[in-house]
Amino acid sequence: MSDTIRFEYQTDKWAQPAQVSLRKIREENGIITLEAKLYDKNNVQCLDAVNWIRFGLTGDGTLLDNLGTSGGSRLVQLYNGRATIRIRTNGGRSVASAKVDQLPVAFINL
């Protein structure tokens, strides 16, 4: 048995958040985990961003929200410039969104 740990060091200075990125980081047993991150205009991750983010979903899936956890709420405050949410696909197709005030909304097809 072995374990793996991966570190990513960021030394670039970042400016004000300018964009939201939304990507799938895991899919297992019909449940997708999405990760949202904030980046500045130079595409540098804003590691100190604590903005509020609202996740949305349209289509066949179900947003796993109202769980009272940082990864199970539709509206959460970013931590280290990121947030996650899980979605049950229900065997169909959906479009997920992530919205931070004053920034363009991010979408991902699932």
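The backbone N or O of Asn90 lies less than 3.5 Å from no partner atom in the side chain of Asp60, so there is not a single donor-acceptor pair.
The side chain to side chain contact (heavy atoms under 4.5 Å, CB included) test with Ile85 is passed by exactly one of Ile32, Leu34, Ile53: Leu34.
Contact between Ala96 and Ile87 at its shortest, heavy atoms only, is CB-CD1, 3.9 Å. The two residues Ala106 and Leu22 come nearest to each other via the heavy atoms O-CD2, 3.9 Å. Residues Leu75 and Arg54 share a closest heavy-atom pair of CD2-NH2, 3.6 Å. Pairing each heavy atom of Ser94 with each of Gly59, the nearest pair is OG-C, 3.7 Å. Taking each heavy atom of Cys46 and Ala15 in turn, the nearest pair found is SG-O, 3.5 Å. Residue Ala18 comes nearest to Pro104 through the heavy atom pair O-CD, 3.9 Å, listed as atom of the first residue, atom of the second, then distance.
Counting heavy atoms from C-beta on, the side chains of Thr89 and Leu110 never come closer than 4.5 Å. Side chains of Thr84 and Tyr79 form a contact here, defined as non-hydrogen atoms less than 4.5 Å apart. Between Val20 and Leu38 there is a side-chain heavy-atom pair separated by less than 4.5 Å.
The neighbour count for Gln77 CD, taken as heavy atoms of other residues, nucleotides or ligands under 6.0 Å away, is above 12. Atom CZ of Arg88 has 12 or fewer neighbouring heavy atoms from other residues, nucleotides or ligands inside a 6.0 Å radius.
In this structure, Gln45 CD and Asn80 CG are separated by 8.5 Å, a value rounded to the nearest 0.5 Å. Atom-to-atom distance recorded for Arg74:CZ and Asp65:CG is 4.5 Å, nearest 0.5 angstrom. Expressed to the nearest 0.5 Å, how far CG of Asp101 lies from CH2 of Trp52 amounts to 11.5 Å. Remark: Arg86 CZ to Ile25 CD1 distance equals 11.0 Å, nearest 0.5 Å. Distance check: Ile108 CD1 to Arg23 CZ gives 9.5 Å after rounding to the nearest 0.5 Å. Put simply, CG on Leu78 and CG on Leu47 are 11.5 Å apart, with the number rounded to the nearest 0.5 Å.
Under the 4.5 Å side-chain heavy-atom criterion for Ile, Leu, Val, Met, Phe, Trp and Tyr, Leu64 and Phe55 are members of distinct hydrophobic clusters. With hydrophobic clusters built from ILVMFWY side chains whose heavy atoms lie under 4.5 angstrom apart, Tyr39 does not share a cluster with Val100.
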Subject >> Asn43/Gln19 under side chain to side chain donor-acceptor pair (under 3.5 Å): CA gap, chis, key distance, verdict >> reply: CA-CA 8 Å; Asn43 208 34; Gln19 60 185 330; 3.3 Å; yes

